[in-house]
Amino acid sequence: MCGRYASARKKHELLEEFQVELDGDPGKELGPDYNVAPTKNVYAVLSRVPKDAERAVRQLRIVKWGLVPAWAKDPSVGSRMINARIETVAEKPSYRQAFAKRRCLLPADGYFEWMPVAAEGAGKQAKKKQPYFIHPADGGVLAMAGLYEFWKDPSRADDDPLKWLVTCTVITTDAEDDLGRIHDRMPMMIERERWAEWLDPKLTDTAQASELLVPADPGRLTAVPVSTDVNNVRNNGPDLIKPLPPQEESPLF
């Protein structure tokens, strides 16, 4: 699964990086977050056809991580829908409509995974988990494949700005060999040349959309051990993605 990631780029950087035409939340900006956790607000790049417009417009929106299907009775289900598996995303009722019509990109600097390792000075059965920060080797942005959804709160008036809740989920796939030793799953990333097709709301054929989900090439991402401070969601800051000095790394065996 992908349950934690870092997103520290400023809004204006994302607007430029993803060639966004419309700032969907012009009065809001998220601060740098080095410990993004489920239910937090995050940036999403998506493409929609505005009312009375003839074409789709690429926009940057602030959404909540944890997808709430339109038919859900309670938005709390979103905390259990932070990831959608590539193997079933086109079939599961919670995701299939969004996969066909509401695909997005979730910008990240990288994501975290935890690898079980032997605890120093303990018996063979004792284990602890070493966190790793996994990010593009070239330092570029990680565009994670995502889905977004709208949920209408029946308890609020139609003119209430909180009437509509916009949420998202991250699509995951099998980890490539080098990263599979840390965790068997990883977020599906979309390479730049496929961004336009992935975001195109006119592409509703799920078979064609699935063809755009190509695993990252070996070596495209790199992993570094980081401090266990990231384990606590209350901790934040750039030190969370700073590689540990060699003497502080946990032994792999």
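The figures here come from the full heavy-atom set of this structure, side chains too, leaving out hydrogens, waters and symmetry mates.
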**Report entry** All side chain to side chain contact (heavy atoms under 4.5 Å, CB included) counterparts of T206, not counting sequence neighbours
**Finding:** A90, F99, A100
Query - Partners meeting salt bridge (charged side-chain N to carboxylate O under 4.0 Å, His left out) with R61 (sequence neighbours left out) - result: D25
**Report entry** Those residues that, when tested against R96, pass side chain to side chain donor-acceptor pair (under 3.5 Å) (two or more places apart)
**Finding:** none
Query - Sequence-distant partners of D174, side chain to side chain donor-acceptor pair (under 3.5 Å), two or more places apart - result: R185
Query raised in the report: Can you tell me how far the OH atom of Y132 sits from the CZ atom of R181, to the nearest 0.5 Å?
Result: 5.0 Å
Query raised in the report: Taking only residues two or more places apart in sequence or in another chain, which ones pass salt bridge (charged side-chain N to carboxylate O under 4.0 Å, His left out) with K11?
Result: D23
Requested in this report: For R4, check side chain to side chain donor-acceptor pair (under 3.5 Å) against everything at least two apart and list the hits.
Outcome: N35
Report summary line: side chain to side chain contact (heavy atoms under 4.5 Å, CB included) filter on E16, not counting sequence neighbours, yields none
Query raised in the report: Would you say F18 and L212 are hydrophobically clustered, going by side-chain heavy atoms of ILVMFWY under 4.5 Å?
Result: yes
Report summary line: Residues passing the ring pair (Phe, Tyr, Trp, His ring centres under 6.0 Å) test with Y43, sequence neighbours excluded, are none
Query raised in the report: Between L46 and L199, what is the shortest heavy-atom contact and its length?
Result: CA-CD2, 4.1 Å
Report task. Ignoring hydrogens and angles, tell me if any N or O in the side chain of T169 forms a donor-acceptor pair with the backbone of N83 under 3.5 Å. Result -> yes
Report summary line: Taking every heavy atom of R55 against every heavy atom of P50, the minimum-distance pair comes out as O-CD, 3.6 Å
Requested in this report: Quick one: closest heavy-atom pair of V170 and C2, and the distance?
Outcome: CG1-CB, 4.4 Å
Query raised in the report: Atom CG of L106 and atom CD1 of I190: how far apart are they, to the nearest 0.5 Å?
Result: 10.5 Å
Report task. Give, for atom OH of Y111 and atom CD1 of I241, the distance between the pair rounded to the nearest 0.5 Å. Result -> 14.5 Å
Query raised in the report: Is the closest side-chain heavy-atom distance between M186 and L221 below 4.5 Å?
Result: yes
Query raised in the report: Rounded to the nearest 0.5 Å, how far apart are CE of M81 and SG of C168?
Result: 13.5 Å
Query raised in the report: Does the pair R192 and E17 meet the rule for a salt bridge (Lys or Arg N to Asp or Glu O under 4.0 Å), with working shown?
Result: CA-CA 10 Å; R192 186 180 299 270; E17 178 75 26; 2.4 Å; yes
Report task. For the residue pair E29 and K10, establish whether any side-chain heavy-atom pair is separated by less than 4.5 Å. Result -> yes
Query raised in the report: What distance separates R58 CZ from L60 CG, expressed to the nearest 0.5 Å?
Result: 11.5 Å
Query raised in the report: Of all residues at least two apart in sequence or in a different chain, which pass the salt bridge (charged side-chain N to carboxylate O under 4.0 Å, His left out) check with D158?
Result: K163
Requested in this report: Please report the shortest heavy-atom distance between A44 and C104, naming the atom on each side.
Outcome: CB-SG, 4.4 Å
**Report entry** Pairs flagged by ring-ring contact (aromatic ring centres under 6.0 Å, His included) wherever residues 49-69 is involved - sequence neighbours left out
**Finding:** Y5-W65
Query - Spatial distance of atom CD1 (I86) from atom OG1 (T88) [nearest 0.5 Å] - result: 10.0 Å
Show me the donor-acceptor pairs within less than 3.5 Å that the side chains of residues 148-156 make with the rest of the protein, sequence neighbours left out.
{"unit_1": "Y148", "atom_1": "OH", "unit_2": "R48", "atom_2": "NH1", "d": "3.0"}
{"unit_1": "E149", "atom_1": "OE1", "unit_2": "R102", "atom_2": "NE", "d": "3.0"}
{"unit_1": "E149", "atom_1": "OE1", "unit_2": "R102", "atom_2": "NH2", "d": "3.3"}
{"unit_1": "E149", "atom_1": "OE2", "unit_2": "R102", "atom_2": "NH2", "d": "3.0"}
{"unit_1": "W151", "atom_1": "NE1", "unit_2": "A72", "atom_2": "O", "d": "2.7"}
{"unit_1": "D153", "atom_1": "OD1", "unit_2": "S155", "atom_2": "N", "d": "2.9"}
{"unit_1": "D153", "atom_1": "OD1", "unit_2": "S155", "atom_2": "OG", "d": "2.7"}
{"unit_1": "D153", "atom_1": "OD2", "unit_2": "S155", "atom_2": "OG", "d": "3.4"}
{"unit_1": "D153", "atom_1": "OD2", "unit_2": "R156", "atom_2": "NE", "d": "3.3"}
{"unit_1": "R156", "atom_1": "NH1", "unit_2": "D160", "atom_2": "OD2", "d": "3.1"}

Query raised in the report: Restricting to pairs with a member in residues 219-241, which pass side-chain hydrogen bond (donor to acceptor under 3.5 Å, both in side chains), not counting sequence neighbours?
Result: D33-N236, W114-N231, E191-R220, S227-D229
